[in-house]
*Asks:* 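Supplied in structure tokens, the structure appears directly below.
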2 protein chains.
Amino acid sequence: MSSNFSHSEENYIKNIYHLQQSTGFATTNELAAALRSKPASITDMLKKLKAKKLLIYEPYKEFNLSPQGKRIALGIVRRHRLWEYFLVEKLKFGWDEVHEIAEELEHVSNKKLTDQLDQFLNYPRFDPHGDPIPDSNGKMIVQQQMILTELALNAPSQVSSVGSQSSELLELLKHKNITIGTRVEVKKKFSFDRSMELKLNNQVAVNISEQLASVLFVKSV
Amino acid sequence: MSSNFSHSEENYIKNIYHLQQSTGFATTNELAAALRSKPASITDMLKKLKAKKLLIYEPYKEFNLSPQGKRIALGIVRRHRLWEYFLVEKLKFGWDEVHEIAEELEHVSNKKLTDQLDQFLNYPRFDPHGDPIPDSNGKMIVQQQMILTELALNAPSQVSSVGSQSSELLELLKHKNITIGTRVEVKKKFSFDRSMELKLNNQVAVNISEQLASVLFVKSV
DNA sequence: AAATAAATTTAGACAAACCTAAAAAAAATT
DNA sequence: AATTTTTTTTAGGTTTGTCTAAATTTATTT
């Protein structure tokens with residue numbers, strides 16, 4: 001009874017899932033950007049996914065996974081994150097080099113394989129990037145986001161989203177080499193101007209203003 | 001510079017490799033049977049593989065992998081057998097349920113992944129079926145086949161081929177539940193008629209005649 | 001050696017998943 | 001409210017890998 005989805009369908013489902021996690025829904029253009037393909041291709045697949053009852057979609061509208069689609073997405077996310085954990089913990093990869101490989105391994109979809117791997121790894125609850133791993137029923141720990149200004153000193157965290165998309169902000173983030181996923185620890189807070197010194201990716205030290213810190217959302221890892 | 005081959009191309013290459021291992025070369029019909037596809041499809045792909053210089057092939061002739069094609073085949077076999085070993089040794093699968101899963105995992109082709117996995121497993125030289133695992137240079141132990149009558153007492157081995165295809169023989173093998181891959185240990189040899197008692201798959205005890213033993217080829221595992 | 005059978009290839013279709021260019025709908029601006 | 005811009009869809013192709021049916025080549029019989 002293991003319904004089977006193509007490599008491509010799974011990539012769509014996974015990316016729709018991530019988009020609707022961050023903004024509540026997905027759109028054709030966003031998904032095309034995420035999948036590095038063209039909007040017209042997206043429309044084609046949306047129709048197929050809708051026909052398979054995995055997607056709630058009406059032409060020209062934004063769309064979301066159906067409960068069934070979400071179940072499948074969580075299976076993919078589960079496999080992805082378990083393999084990432086495996087690669088880092090058992091095969092000694094760096095946390096920053098496992099994504100691509102997990103991207104392929106996640107498509108090997110066999111319930112017993114996934115569950116045995118989970119057991120072998122001792123049922124980890126977070127992957128090496130700090131993201132929660134769904135259990136075999138699709139349940140996972142919900143992570144609370146916080147504003148960087150609220151983060152405790154030396155608490156390891158990771159940039160999860162930014163509070164605006166203004167080009168001024170993006171320019172600054174680019175200059176400081178901060179992106180979604182960058183690991184952050186607050187090393188010092190200066191009460192004079194509420195600026196702070198950060199350590200990025202356990203390597204680089206940078207200083208940022210309160211204005212910047214207040215638009216950076218992080219989650220603890 | 002990791003040249004990339006499609007899932008489908010890899011399946012062709014792997015199956016051509018196995019065919020030429022057992023009979024010295026491959027033919028269109030045999031390959032179609034192995035891949036459960038149609039001869040016309042095979043011909044199409046043979047042309048593509050030839051164009052990519054992976055195959056030595058002239059229309060209407062039998063064919064073989066080029067040295068380059070063989071190198072790729074050995075990479076696939078290496079991944080397949082390493083994953084099988086992983087599944088049995090680490091994830092506690094039975095040796096008879098890992099083939100299908102390894103069939104998918106083998107297509108995840110990343111040199112570092114494969115080499116780290118190899119190291120993690122402690123450089124195993126044989127997979128759970130007793131087949132040798134190529135090392136990162138494609139070298140592997142060559143296995144000598146022997147006739148079952150020559151096998152030492154209690155030496156674990158595995159049926160690798162049969163000396164005839166007669167229906168009488170096949171009927172007998174079917175009745176005794178012996179196939180290619182069946183695990184065999186000789187528990188007793190009776191000098192009166194040279195019949196022997198075997199243990200099959202570490203479970204069942206059976207008696208076989210000298211005539212039968214003399215047409216069963218085994219390899220040690 | 002001719003006829004028959006078997007194996008292989010060619011020709012032409014088809015589905016999946018992608019593309020470009022043009023049309024249509026929705027959203028944003030003036 | 002009308003116009004412009006952006007987003008999305010439609011229409012029509014392309015590539016990959018498969019298929020069936022017919023043609024061709026090779027092998028086997030008679």
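Computation of the quantities below employed the complete heavy-atom set of this structure, encompassing side-chain atoms and omitting hydrogens, waters and symmetry-equivalent molecules. Remember, predicted model here, so these are calculated numbers, not experimental data.
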*Asks:* Whole angstroms only, please: what is the CD1-P distance between B:Ile42 and C:dT8?
*Replies:* 10 Å
*Asks:* I need the OH-P distance between B:Tyr57 and C:dT8, as an integer number of Å.
*Replies:* 9 Å
*Asks:* Rounded to whole angstrom units, what separation is found between the CD atom of A:Glu30 and the C1' atom of D:dT8?
*Replies:* 13 Å
*Asks:* Please figure out whether B:Pro59 or A:Pro39 has its closest DNA chain C nucleotide nearer the 5' end.
*Replies:* B:Pro59
*Asks:* Using a cut-off of strictly less than 4.0 Å, decide whether B:Ser41 has a side-chain nitrogen or oxygen near OP1 or OP2 of D:dT18.
*Replies:* no
*Asks:* Taking the side chain of B:Thr27 as heavy atoms from C-beta outward, which of C:dT8, C:dT9, D:dT8 is closest to it?
*Replies:* C:dT8
*Asks:* Picking from C:dA21, C:dA7, C:dA17, which would you name as closest to the side chain of A:Ser8?
*Replies:* C:dA17
*Asks:* Taking OP1 and OP2 of C:dT9, is either one under 4.0 Å from a side-chain nitrogen or oxygen of B:Thr28?
*Replies:* yes
*Asks:* Return the value, rounded to whole Å, for the distance between atom CG of B:Leu46 and atom P of C:dA7.
*Replies:* 16 Å
*Asks:* I want to check one thing: is the phosphate of C:dT10, taken as OP1 and OP2, less than 4.0 Å away from some side-chain N or O of B:Lys47?
*Replies:* yes
*Asks:* When you check the gap from the basic side-chain N to the acidic O, do A:Lys52 and A:Glu9 get nearer than 4.0 Å?
*Replies:* yes
*Asks:* Tell me whether the rings of A:Phe86 and B:Trp83 are parallel (<30°), tilted (30 to 60°) or perpendicular (>60°).
*Replies:* tilted
*Asks:* So, B:Asp115 and B:Arg78, do they make that salt bridge, N to O below 4.0 Å?
*Replies:* yes
*Asks:* Check this one for me: any side-chain N or O of A:Tyr12 less than 4.0 Å away from OP1 or OP2 of C:dC18?
*Replies:* yes
*Asks:* Could you give the NE2-to-P distance, from B:His7 to C:dA17, as a whole number of Å?
*Replies:* 14 Å
*Asks:* Does B:Ser6 put a side-chain nitrogen or oxygen below 4.0 Å from OP1 or OP2 of D:dG17?
*Replies:* yes
*Asks:* Rounded off to whole Å, could you give me the CG-to-P distance for the B:Asp44 and D:dT15 pair?
*Replies:* 15 Å
*Asks:* Taking the basic N atoms (NZ, or NE/NH1/NH2) and the acidic carboxylate oxygens, is any pair closer than 4.0 Å for A:Lys176 and A:Glu171?
*Replies:* no
*Asks:* Reading DNA chain C from 5' onward, which residue's closest nucleotide shows up sooner: A:Lys38 or A:Tyr60?
*Replies:* A:Lys38
*Asks:* So which nucleotide from C:dC18, C:dA7, C:dT9 ends up closest to the side chain of A:Met45?
*Replies:* C:dC18
*Asks:* Would one find a side-chain N or O of A:Asn29 under 4.0 angstrom from OP1 or OP2 of D:dT8?
*Replies:* yes
*Asks:* For the ring pair A:His80 and A:His99, is the centre-to-centre distance below 6.0 Å?
*Replies:* yes
*Asks:* Side-chain N or O of B:Lys48 less than 4.0 angstrom from OP1 or OP2 on D:dT16?
*Replies:* no
*Asks:* Rounded to whole angstroms, how far apart are NZ on B:Lys61 and P on C:dA6?
*Replies:* 22 Å
